[in-house]
Amino acid sequence: MKLVSAIIRPQELDPARRALAAFGSPGLTVTATSVATRWNRRLEIYRSTVLVADLAQRLRVDVLAADEDAADLAAVLARVAAAAAVRGGGDDTVGVWITPVEQAVRVRTGERGAGAV
Amino acid sequence: MKLVSAIIRPQELDPARRALAAFGSPGLTVTATSVATRWNRRLEIYRSTVLVADLAQRLRVDVLAADEDAADLAAVLARVAAAAAVRGGGDDTVGVWITPVEQAVRVRTGERGAGAV
Amino acid sequence: MKLVSAIIRPQELDPARRALAAFGSPGLTVTATSVATRWNRRLEIYRSTVLVADLAQRLRVDVLAADEDAADLAAVLARVAAAAAVRGGGDDTVGVWITPVEQAVRVRTGERGAGAV
Amino acid sequence: MHFAYIPYPTTGYQAGDASWQLTAATFVGLMSLPGLAVLYGGLVQKKWAVNTMLMAFSAFSLVLIVWTLWGFDMGFGKPWITFGAKVAGSGTGFVGKPGTALGSGQEAQANIPLLNGLMPPFNFSQSALFYFQFVFAAITPLLWLGSVIGRMSFKAWLIIVPLWSTLVYSVDAFMIWGGGFWAGMGAVDYSGGYVIHLSAGTAGFVAAAVLGPRLRRDRDRGAPNNLLLCATGAGILWLGWNGFNGGDPYFAGPDAAAAVVNTNICTATALLVWLIMDYLLSPAKKPTLLGSINGMIVGLVTITPAAGFVDGFGAICLGVISSAVVWLAWYKLQPRWIFNKVDDALGVVYTHGIAGLCGGLLVGLFADPNMIEYTGTGGTGSFSIGGLFFTGRWHQLIVQAGAGLTVIGWTALMTFLIFKVVGLFVKLRLPDEVLETGDLAVHDEEVYPPQELTRAPILAAVAAGTAPGDEPAEVAETAAPSKPVESGTGASSES
Amino acid sequence: MHFAYIPYPTTGYQAGDASWQLTAATFVGLMSLPGLAVLYGGLVQKKWAVNTMLMAFSAFSLVLIVWTLWGFDMGFGKPWITFGAKVAGSGTGFVGKPGTALGSGQEAQANIPLLNGLMPPFNFSQSALFYFQFVFAAITPLLWLGSVIGRMSFKAWLIIVPLWSTLVYSVDAFMIWGGGFWAGMGAVDYSGGYVIHLSAGTAGFVAAAVLGPRLRRDRDRGAPNNLLLCATGAGILWLGWNGFNGGDPYFAGPDAAAAVVNTNICTATALLVWLIMDYLLSPAKKPTLLGSINGMIVGLVTITPAAGFVDGFGAICLGVISSAVVWLAWYKLQPRWIFNKVDDALGVVYTHGIAGLCGGLLVGLFADPNMIEYTGTGGTGSFSIGGLFFTGRWHQLIVQAGAGLTVIGWTALMTFLIFKVVGLFVKLRLPDEVLETGDLAVHDEEVYPPQELTRAPILAAVAAGTAPGDEPAEVAETAAPSKPVESGTGASSES
Amino acid sequence: MHFAYIPYPTTGYQAGDASWQLTAATFVGLMSLPGLAVLYGGLVQKKWAVNTMLMAFSAFSLVLIVWTLWGFDMGFGKPWITFGAKVAGSGTGFVGKPGTALGSGQEAQANIPLLNGLMPPFNFSQSALFYFQFVFAAITPLLWLGSVIGRMSFKAWLIIVPLWSTLVYSVDAFMIWGGGFWAGMGAVDYSGGYVIHLSAGTAGFVAAAVLGPRLRRDRDRGAPNNLLLCATGAGILWLGWNGFNGGDPYFAGPDAAAAVVNTNICTATALLVWLIMDYLLSPAKKPTLLGSINGMIVGLVTITPAAGFVDGFGAICLGVISSAVVWLAWYKLQPRWIFNKVDDALGVVYTHGIAGLCGGLLVGLFADPNMIEYTGTGGTGSFSIGGLFFTGRWHQLIVQAGAGLTVIGWTALMTFLIFKVVGLFVKLRLPDEVLETGDLAVHDEEVYPPQELTRAPILAAVAAGTAPGDEPAEVAETAAPSKPVESGTGASSES
Ligand SMILES: Nc1ncnc2c1ncn2[C@@H]1O[C@H](COP(=O)(O)OP(=O)(O)O)[C@@H](O)[C@H]1O
Ligand SMILES: Nc1ncnc2c1ncn2[C@@H]1O[C@H](COP(=O)(O)OP(=O)(O)O)[C@@H](O)[C@H]1O
Ligand SMILES: Nc1ncnc2c1ncn2[C@@H]1O[C@H](COP(=O)(O)OP(=O)(O)O)[C@@H](O)[C@H]1O
C-alpha cells in the first residue's frame with residue numbers, strides 16, 4: 001500500500017478528481033495547506049499599506065493506492081498539476097510524492113490491506 | 001515508530017480522544033480535511049439554487065505510536081470510526097492507515113525514537 | 001528522500017522558515033492543525049460561561065529532504081521549536097518526526113527523486 | 001373624508017408630533033430588524049444563526065397580521081370582557097374587543113377609547129398610533145425568542161407566535177396601556193417594562209421549561225459565532241431605544257426629550273456597573289464585551305417603565321440598582337436549581353424579566369411628580385406620577401407590584417397553556433438528529449456558506465460519465481426533488 | 001435673502017413637515033448605504049463582495065454629482081423637449097430642462113413647476129426636496145447593480161452610471177413625477193414602483209444580457225458568503241422603507257402614516273406567502289431565510305407604487321398576489337429560455353421588475369379614493385385616485401399599463417444603447433483571468449483579509465539577506481510600484 | 001412646573017423642531033454605536049476587534065456620565081474662568097461653570113446663557129439640547145480611539161476618557177460653541193470640524209506618540225479583518241452625518257436642509273476624488289474600497305465646520321481640495337519622519353485632523369453670507385458669515401486660523417499632560433506578551449469564537465476519570481476561579 005500525496009492549486013481539484021475517478025480510484029482526502037513560494041507572491045493593499053503573502057494557498061491531496069498503482073497515480077496527479085503550473089506561467093509550489101503505508105483499514109467494510117483503498 | 005492516521009467524523013473526535021487516553025496515549029494531532037464521498041453528499045439551497053458538496057468534512061487524526069502499539073491503536077480508532085459509520089447509516093468516508101516513522105523527537109524533553117511519542 | 005514533519009507554534013513559523021532558508025531548503029508546506037495538550041489549555045469566557053480549548057492551535061510543517069539532509073533538517077526544526085517551547089514556559093505540544101518517501105516529482109521541472117526537493 | 005386631504009386637517013393635527021411618532025416607531029422597528037435579529041444571530045452558535053434570524057423575521061411579520069386583523073383593537077380598543085370591573089375614572093376590563101384596522105378610516109384622528117378625556121387629544125392619525133404600537137407588539141416575541149433558540153420547531157413557532165400575541169400581549173397591553181384594570185388602579189408602565197420586557201422574560205422562561213433544554217452538546221459548546229454582529233445589533237438597540245421611550249408620551253414635548261436622556265443615562269450607568277463588576281468580582285476578573293452588552297440591555301430595560309417619570313438622579317439610581325441585581329442573578333442564580341435546569345438559552349429572564357420588574361417597582365420609589373403632568377380635560381383634574389421618595393406615599397409602589405404580579409401570572413399561565421395545547425397537535429421540539437445539525441437540517445442554509453459548493457458534483461458527473469463543464473445549469477435545478485431525503489440525512493451527518 | 005433667516009420663514013414653512021422630509025430621506029439613504037451595499041455584499045460570492053460594495057458606494061456618489069449639476073432639474077424642473085405634447089391641466093413633455101442645484105437659492109420654498117396649483121404648496125425648502133429626490137435617484141442604479149455583479153468592469157460602471165441616471169432615470173421621473181406626459185394622463189406611482197423598481201429590473205436584465213453571463217464556474221458555485229450581513233441589509237431595507245413610502249406625500253399627514261402602515265402590512269404578507277410557498281411547494285419543502293428576504297423585498301416593491309392609494313385590505317391583497325406571482329416566476333421562469341440564458345445574477349428582474357409592475361397595475365384595481373385627496377388650489381378641482389374595484393372605471397388601470405410599458409420600453413432601449421455605445425470605448429466586461437480571481441485582481445482587497453499577510457516577506461528578506469525584524473517599514477511601502485504586474489498575476493493565480 | 005405639562009408649552013416650543021433635534025441626535029448616536037464601533041472593529045486586526053469595540057462602548061457611556069454630572073455646563077453653561085476676557089457682544093472666557101444636568105428643571109426651554117439674544121430662542125427643552133450636545137461629546141473620544149488601538153491599557157482608557165472629555169472637549173466646545181472667547185471673536189464651526197475632528201486628530205496623534213507604537217509584528221501584519229463590517233459602519237457614518245450637520249442650526253429650517261445637502265455633495269466629491277487618485281496615482285493604480293471610505297470620511301469631516309455656511313458650489317470645492325490634500329498627506333507624509341515614527345494606527349490625524357483643519361479654514365474663503373442669517377433679537381443686529389471670496393475681507397479666515405491653532409495647541413498640550421499624569425499611576429501600555437495575544441488576553445473573548453470550545457475538556461475528564469457526558473454543567477462554571485492565571489498564559493501562548 002502506498003500513500004500518494006500531491007500539492008495542487010485549488011482550481012485543479014476538479015480536474016484532479018476527474019482524472020482519479022477515470023483512473024478508477026475516486027477516493028481521496030483533500031487538505032487546505034500553503035506552500036512557500038518564490039515566484040507566486042500575492043500582493044494585497046489595505047489603506048495604502050502593501051501586504052504580501054509569500055505562502056501560496058494550495059491543496060494537499062492524499063490518495064491511498066495499491067503498490068502497483070502508486071506510480072501511475074502519482075503520474076496522473078503530476079500531469080494535472082503540471083497543466084496548471086504551465087497555465088499559471090511557471091509555478092514553484094506544486095509537487096507529488098509517495099510514502100509507504102504498512103496497513104490500511106476500510107472502516108465501512110473492515111477490509112484490510114490493499115483491498116481497503 | 002509508526003504514525004497512525006485516521007479519517008473520522010467531527011462528532012467522533014471526543015470518543016476517539018477518550019479511547020486514546022484510555023489506551024494511555026493522549027497525544028494526537030487533529031487536522032481538518034475533507035474526503036470524497038459517494039454516499040454522504042450534502043445539499044444546500046440558496047435562493048432556490050441547489051448546491052451540492054460531495055466532499056464531506058472530516059478530521060484527520062495522527063498519532064505517533066511505538067511499533068508494538070501501532071496496530072492496536074489503529075484498531076482502537078477503527079472501532080470508534082466504525083461505530084460512527086454505522087450510526088451514520090453507512091459511511092464511505094472513513095479510514096485508518098499506518099505509515100512507518102524513522103525517527104521522532106519530543107521537543108519538550110529532547111528524547112528521540114519511541115520514547116518521544 | 002525523506003519527509004520531515006514538525007509541529008510548531010504559529011509564532012515560530014518565521015524563524016523556522018528563516019532557519020530552513022539559511023539551511024538552503026526554502027521549500028515547505030504549512031498546514032494548520034491542532035494538538036492535544038495537557039498543559040496549554042486556553043480559557044475563553046462568553047456571557048460568564050467558561051469555555052476551554054484543550055486542543056492547541058499549531059502548525060504542521062512538512063519539508064521534503066534528501067536522505068542525508070533529513071536528520072539535520074529535523075534537528076534545525078527541533079531547535080526552533082524548542083526555543084519556542086522554552087519561552088512558552090514548557091510546552092507539551094511540539095514534536096518533529098521523519099517518514100520515508102519513496103519517490104518525489106517536482107512538477108515544475110519534472111525531475112524525480114532527491115533532485116525534486 | 002375630511003382626514004384624507006393633503007396636507008392634513010387644520011385641527012387636532014400637528015405635523016411635528018406626527019413626524020416624531022413615525023420616526024420613533026421606525027427606530028423601534030429597526031431594533032427588531034435588523035437589531036435583535038443580528039444580535040441574537042451573532043450570539044447563538046454558528047449552527048443556529050440562520051434559524052434564529054428567520055424566526056425573528058417571520059415573527060415580526062406574523063405579529064403585524066395579527067395586529068391588523070384583530071390584535072390592535074384587543075389592546076387599545078373598546079373594552080370587551082369586563083366582569084363588571086369598573087374603576088374610578090377609567091380602568092374597565094382586561095381586554096379590548098377584537099376588530100380590524102383596515103380601511104381608510106384609519107386616517108382619522110388617533111384615539112384610545114378609554115383614555116379619552118384623561119389625556120389631551122392625539123395630534124396625529126390612528127394609522128400612526130397603530131404602527132407605533134405595532135412595533136412594540138412585534139418586538140416582544142422576538143425578545144423571548146432568545147430563550148427558545150436551538151431546539152424549537154420552526155413550524156410550532158409559526159403557530160405559537162400569533163396565539164401568544166393575541167392571548168398574552170394584547171391582554172397585558174390593554175390592562176396597563178389600553179385603559180384596562182391596572183390603568184384604572186393607577187399603575188403605570190412608561191413604555192413597556194412590564195407589558196414587553198417582564199412579559200417576555202416570563203414567557204421565555206416558561207417556554208424554555210416546556211421545551212426542555214438544548215442538546216447537552218450544544219449547551220456545553222454554546223460559544224457565540226460573531227461578536228462584530230453582536231455589537232452591530234447592540235448599538236442599534238441602544239440608539240433605537242430613543243424611539244422606544246421617546247415616542248411614548250405621544251407628543252414631541254419636553255417629556256419625550258427627558259425620557260430619551262434618562263434612557264441613555266440609565267443605560268450608560270448600567271453598562272459601566274456591569275463592566276466594573278466583571279472587572280472586580282467575576283472569576284476571571286476581566287471586563288468583557290458581551291458582559292457590557294448585558295449591562296447595557298439591563299439599563300435599557302430598567303428605565304423603560306420609568307423613562308418619563310423619573311429625573312436624571314432617578315435614572316442613575318435605577319441603572320446602578322438594577323445592573324447590580326441582575327449581575328448577581330446572572331452569576332449566582334443562573335447556575336443553580338431550576339435556573340440551571342431550565343435552559344433559557346440567552347438569559348432573557350434575567351436581562352429582560354428581572355430588569356423589567358426592577359424598573360417597574362422602582363417607579364414606585366423614584367417617580368418625580370414634576371416630570372410629567374397630564375392636563376386633565378373632560379372634567380377630570382390633571383394628575384402626575386409620584387413615587388415614595390417624593391410623595392411619601394406607598395400607593396404607587398403597591399399598584400406597581402400588583403400590576404407586575406398580574407403580568408407575571410397571566411403571562412406564565414397562558415404561555416404554558418399555549419405551548420401545551422399546541423404541543424398536542426405539532427411537535428414543539430426538533431428531533432435530536434436535526435438538533436445535531438441545526439440550520440442545514442432545518443433550512444438547507446448555513447450562515448457562512450462554504451464557497452466550494454457547486455451545482456455540478458464531480459462524482460455524479462463522473463458516474464453520469466459527463467464532464468460537468470458542459471452540462472446545462474438546469475440539471476442541478478431538477479436534481480433537487482430527486483433527493484429531498486438525502487438533503488436531510490446528508491446534512492445531519494455533516495453538522 | 002428672506003429664506004436664509006434662522007429659524008425659518010413664517011409662511012410657507014412647517015418645521016414638522018421639514019423634519020419628516022429630512023428624516024424620511026435619511027432612512028432612504030440608509031437603505032442604500034449600508035443597506036443594499038451589505039445585503040448584496042453578503043449575497044454575492046466571497047470573491048466579489050468588495051467589488052460589489054465599492055460599486056454601490058461609488059454609484060451613490062456619482063448620482064449625487066449628476067443630480068446636483070443637471071439631473072434634478074431634468075427630473076423635476078421646467079419642461080424641456082415637449083414635442084408640443086400638451087395635456088389637460090398639466091403633463092407637458094418628457095424631460096426637464098437641465099440646470100444646477102447649487103447656490104443659496106436652494107433655501108427658498110420647494111417647488112415643482114408643473115405641479116404648482118395641483119397640490120398644496122410645499123412646507124419646506126427646495127434643498128429638502130432636492131435631497132429627498134436624490135436618495136431615490138441614487139438607489140436605482142444600486143438596485144440593478146445586483147444584475148451585473150461578478151463580471152462588469154469597474155471603469156465601465158463609473159462611466160455608465162452617470163449616463164444612465166441622466167438619460168433613463170431623469171426621463172422616467174419627469175414623465176410620472178415631474179408633471180410630464182404620464183402625469184398628465186393621470187398615471188400615478190406613489191413612490192417609485194415604476195420609476196425606480198420596474199426601471200431597475202428592466203435595466204438590470206438588459207445590462208446582464210449585454211454583458212453576458214458570469215464565469216461558468218461562478219454561476220455553478222454562486223453561494224452567498226455571509227447571511228448575517230444579508231439579514232442586516234434586509235432589516236435596514238424594510239424599516240428604511242418607512243421613509244421611502246412615508247415621505248412621498250411631502251407632508252407628515254395622515255396619508256404618510258397610512259402609507260407606512262400599508263408598506264409594512266404588504267411586506268409582512270408577502271414575506272409569509274413566500275415562506276409558506278417555500279414550505280409547501282419548493283423542491284426541498286423547507287422555509288429559507290433568503291427566500292423570506294426575497295418575499296420581503298417583493299412586498300416592499302409591490303406596495304411602493306400604491307402605498308398611499310390603497311387601504312389595509314388592498315395592501316394585503318397586493319402582498320398575496322405579487323408574492324405568489326414572483327415566486328412562480330422565480331421558480332418556473334428563471335430556469336427557462338432567455339431567463340436562464342441571461343445571467344441576472346441576483347434576480348433583480350423578478351423581485352424588482354415584475355414586483356414593481358404588479359404593484360403599478362394593481363393600483364388600477366385597488367386604489368381607494370378615500371385614502372388621499374388633493375385639494376386643488378389654483379382653479380383645478382380637488383382629485384383623488386380610484387381603482388376599478390372602487391370606481392368601476394377602467395381608466396386608472398389603462399393609464400397605469402400605459403405608463404408601465406413606457407417605462408419598460410424607454411429603459412430597455414436606452415440601457416441597451418448606453419451599454420453598446422460605451423462598449424465601443426471601454427471594455428464592459430472584465431477579462432476571464434480577472435474573473436477567476438475577483439476582488440483581489442480588481443482592487444487588491446479581500447472581504448476577509450487573511451491575518452498572516454505581512455509587510456516583510458520572509459523569502460525576500462532571506463534573499464536580501466536581511467532579518468525582516470529590523471528593516472524599516474518604508475521598504476515594504478516602496479515595494480509596491482516595483483511589482484504592480486505581479487500583484488495582478490499573483491492574485492489571479494491565487495483566486 | 002409649567003414645562004411638565006403634556007403635550008407641551010404653548011409658547012417657546014415647536015414640536016417640529018423638537019422632533020428634528022431628537023431625530024438628528026439619534027442619527028449621530030448611531031454613528032458611534034454601532035457605526036464607529038464596527039467600522040473600527042472591522043478595520044483592526046482580528047486579534048483586536050473585541051478590545052476596540054469595548055473601548056467604544058465604554059467611552060460612550062463614560063462621556064455621558066461626565067456630561068450629566070458636570071461636562072455639559074462646562075461646555076455650554078455660564079462662563080467660569082474668564083481672565084476678564086470680555087469680547088464685544090459675547091465671547092466671555094474659556095470654560096463654563098461645572099454643574100449637573102439632573103432634575104426636572106431640564107424640561108424647561110433650552111438655553112445657552114452666552115448666546116441669549118444672539119440667536120432666536122430655542123423651540124425645545126433643555127433635555128433635547130443636552131442630549132444633542134452629548135452625542136457630539138461622546139463621538140470625539142471614539143474617533144481618536146482609532147489612533148491608540150492595539151496597545152493601550154483598557155484600564156487607562158477608562159480613566160483617561162473622562163479626564164479628556166472634561167479638560168479638553170468641554171473647553172474647546174465652550175470657546176467656540178458656548179459663547180466663549182473665539183465665539184466672541186467671530187470664529188465659527190458649524191458642527192465640529194474643530195471642536196470634534198481637529199481635536200480628535202490632534203489628541204489621537206499625541207496619544208499615539210506617548211503610548212508608543214504597536215508591536216512591530218502587528219504593524220507589519222496590520223490587515224483589517226472584515227470589510228463587510230467596515231462598509232456597514234461607513235454607511236451609517238455617511239447617512240448619520242445628516243443628523244450631525246443637519247441638527248446644528250437647532251431649527252428644522254431651510255439651513256438645516258442646506259447643510260444636509262452640502263454634507264452629501266462634499267462627501268460624494270471627496271469619495272470620488274480619492275477613488276480617482278487611487279486609480280491614477282497610487283502605486284498599484286487600483287481603486288479600493290477602504291480608500292474610498294477614507295475619501296468619504298474626509299468629505300464628511302471637511303464639510304462639518306462649513307455645512308450651513310457654504311453653498312453647493314463651495315461644498316464641491318471643499319470636497320475636491322480637502323480630499324486631494326489628505327490623499328497626498330496619507331501617501332507622502334505618513335511614511336516619513338515623525339509621521340512614520342508615531343503609530344497613529346488608523347490614521348485619525350489625516351482623515352480627521354487635517355481634514356477638519358482644511359474645512360475650518362476654507363470657511364474663511366467659501367462661506368456664502370446668503371446661506372444663513374441670524375436675526376439678532378435683544379438689541380444686536382442680525383449677522384451672517386461671509387468668506388474672502390464673497391466679502392473680500394480676510395477677517396473670517398484669520399479668526400478661523402486663530403481658533404484652529406488654539407484648538408490644536410490646547411488639545412495637544414492637555415492630552416499630553418493627561419496621559420503623562422495618568423501614566424504615573426497606571427500603566428498606559430499593555431505588556432508585550434498581552435499584545436502578542438490581543439483580545440483573548442485582555443477580555444477572554446475572541447471576535448469569531450471557535451465553535452469547538454467546550455465546557456467539558458476531554459483530558460480533564462479523562463484525568464478526573466469521569467465521562468464528560470454526565471458531569472453537571474456547574475463543574476465548568478466553578479472551574480474558572482481555579483485557573484485565572486492559566487487563562488492569561490494559556491491565552492497569550494495561543495495568540
Ligand atoms: N487516500 C485516501 N485518504 C483518505 N480517504 C480515502 C482515501 N482513499 C479513499 N478514501 C476514502 O474512502 C472512501 C471509500 O473509497 P471508495 O473508493 O469510495 O469505496 P467505497 O465508496 O465503495 O467505500 C472514499 O470515498 C474516501 O473518502
Ligand atoms: N502523533 C502525534 N502527532 C502530533 N503530536 C503529537 C503526537 N503524539 C503526541 N503529540 C504531541 O506531543 C505532546 C506530548 O505528548 P504527551 O503524551 O502528552 O506527553 P507529555 O504531555 O508528557 O509531553 C502531546 O500533547 C501532543 O501534542
Ligand atoms: N516538503 C515540501 N512539501 C511541499 N512542497 C514543497 C516541499 N519542498 C518544496 N516544496 C515546494 O516546491 C517548491 C519548489 O522548491 P524550491 O526549493 O523553491 O525550488 P524552485 O523554487 O526552484 O522550484 C517550493 O517553493 C515549495 O512550494
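Numbers restart at 1 for each chain; the letters A, B, ... are given by sequence-line order, proteins then strands. For clarity, every value in this text was computed on a predicted model and none was experimentally measured.
- Nearest heavy-atom pair, C:Pro100 versus A:Pro100, reported as atom, atom and distance to 0.1 Å: O-CD, 3.5 Å.
- Residues C:Arg17 and A:Leu55 are in side-chain contact: their nearest non-hydrogen atoms beyond the backbone lie under 4.5 Å apart.
- Here A:Leu3 contributes atom CG and C:Thr99 contributes atom OG1; the two are 9.5 Å apart, rounded to the nearest 0.5 Å.
- Judged as a side-chain hydrogen bond (donor to acceptor under 3.5 Å, both in side chains), and not counting sequence neighbours, the contacts of C:Arg60 are B:Asp62, C:Asp62.
- Checking side-chain atoms of A:Thr33 against main-chain N and O of C:Val30 turns up a donor-acceptor pair under 3.5 Å.
- Heavy atoms closer than 4.5 Å to chain C are found in the backbone of A:Ala32, but not in its side chain.
- Counting heavy atoms from C-beta outward, A:Val35 and C:Leu28 have side chains that stay 4.5 Å or more apart.
- A distance of 7.0 Å separates CD1 in A:Ile98 from CD in C:Glu102, rounded to the nearest 0.5 Å.
- Heavy atoms of A:Ser34 lying under 4.5 Å from chain C belong to its backbone as well as its side chain.
- Note that CD of C:Gln103 and CH2 of A:Trp97 are 13.0 Å apart. Values are rounded to the nearest 0.5 Å.
- Within the 4.5 angstrom heavy-atom criterion, only side-chain atoms of C:Leu13, from C-beta onward, approach chain A.
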